[in-house]
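Down below is the structure, laid out as structure tokens.
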There are 2 protein chains.
Amino acid sequence: MAKKQSQKKCDPSPAKLKADPTAEELAKLAWAIAHPARVQIVRLLIGRDACMCGEIVDCLPLAQSTVSQHLKILKESGLIQGEVDGPKVCYCVNPKRLEQLKRLVAGL
Amino acid sequence: MAKKQSQKKCDPSPAKLKADPTAEELAKLAWAIAHPARVQIVRLLIGRDACMCGEIVDCLPLAQSTVSQHLKILKESGLIQGEVDGPKVCYCVNPKRLEQLKRLVAGL
DNA sequence: AACGTCTATCGTCGATCAACGATTTGATCT
DNA sequence: AGATCAAATCGTTGATCGACGATAGACGTT
């Protein structure tokens, strides 16, 4: 008690908690939904199973370019994917990635 | 702002995406763990049930002031709480808030 | 080929984050 | 009181976000 933890470090390795791939993975996925607009987009896609960019723009009080940016962030996280369908792009959620997010959060 | 978007024809019930408190709530909680260091802090607190700030600093490759900032963010999200214990501060997770996060993510 | 539509990207701007060192605050002990 | 240690806050810096308008690219249609 009241002993200075100069020797009793929390981690024996000097690398400390550096090597924690799941922490970065979870942070990355959490970051994807760390904005109300992106949460709504994800929910929209889950509810509709698929949706074009234009529809999403119509559903949100944001400019088209802003929505496109949010979609890009979501795509980079792997939570959603968009396949080109002619002149349009059809977005849908990536179930595996969504499951991974749920698993990581549930495992906290 | 957003005074020019005149209710497009996205959905018969546009109010659905307007007032969406859970989206903001989820975004807020997700934001709290949207950084690897904060994920590690939360895990640390869950694993130890309680932890002093100094211990957390020793566990992370970050300066004390930086850790303190992350703790502040986590505290503001409600995910953790710190009670003053003499000269030190004992941090612990807020189980209710953590449950809420898990529920919101699982409910996606 | 030219046009119109849909989407992505560019450039900009203000606001915020993340990191640090230095300093201040707060509580305990001698 | 004074010394000491723990934690929070201050002030700064560089990087990134979030928003937008404007523009460029891809594709089907005329």
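Note that these values count all heavy atoms, side chains included, but never hydrogens, waters or copies made by symmetry. Just so it is clear: chains get the letters A, B, ... in the order the sequence lines come, proteins before strands, and each one is counted from 1.
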Inset, instruction - Give the minimum heavy-atom separation between A:S77 and A:L29, together with the two atoms involved. - result: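 In this case the closest contact between A:S77 and A:L29 is O-CD2, 3.9 Å.
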Legend entry - Taking every non-hydrogen atom, the tightest pair across B:V39 and B:I33: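 That would be CG2-O, 3.2 Å.
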Legend entry - 5'-most by nearest nucleotide on DNA chain D - B:S68 or A:V84: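 Its nucleotide being nearer the 5' end, the pick is B:S68.
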Round to a whole Å and report the spacing from [atom1] of [X] to [atom2] of [N].
{"X": "A:E83", "N": "C:dA8", "atom1": "CD", "atom2": "C1'", "answer": "17 Å"}
{"X": "A:L62", "N": "D:dC17", "atom1": "CG", "atom2": "P", "answer": "17 Å"}
{"X": "B:M52", "N": "D:dA6", "atom1": "CE", "atom2": "P", "answer": "8 Å"}

Inset, instruction - Please state whether the base of D:dA8 and the side chain of B:Q64 form at least one donor-acceptor pair under 3.5 Å? - result: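 Answer yes: a donor N or O sits under 3.5 Å from an acceptor.
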Inset, instruction - Spell out yes or no: do the side chain of B:Q69 and the base of D:dA8 have one donor N/O and one acceptor N/O closer than 3.5 Å? - result: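 No pair found.
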Is the shortest side-chain N/O distance from [X] to OP1 or OP2 of [N] below 4.0 Å?
{"X": "B:T66", "N": "C:dA19", "answer": "no"}
{"X": "B:Y91", "N": "D:dA6", "answer": "no"}
{"X": "A:H70", "N": "D:dC17", "answer": "no"}
{"X": "A:S65", "N": "D:dC20", "answer": "no"}

Inset, instruction - Look at the side chain of A:R48 and the backbone N and O of A:C92, then say whether any donor-acceptor pair between them is shorter than 3.5 Å. - result: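 No.
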Legend entry - Lys/Arg-Asp/Glu bridge criterion (N-O < 4.0 Å) met for A:E76, A:K28: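 Here A:E76 does not pair with A:K28 in a salt bridge, since their nearest N and O are not under 4.0 Å apart.
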Inset, instruction - Inspect the contact between A:K88 and A:E83 and indicate whether a charged nitrogen and a carboxylate oxygen are less than 4.0 angstrom apart. - result: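 Looking at A:E83 and A:K88, the cut-off is not met.
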Inset, instruction - Measure the spacing between CG of B:L98 and CZ of B:R103 and express it to the nearest 0.5 Å. - result: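 Spacing of CG (B:L98) from CZ (B:R103) equals 10.5 Å.
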Inset, instruction - For DNA chain C, determine which residues of residues 27-36 of chain B have any heavy atom closer than 4.0 angstrom to one of its atoms, and list them numerically. - result: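 Per residue number, the list reads B:W31, B:H35.
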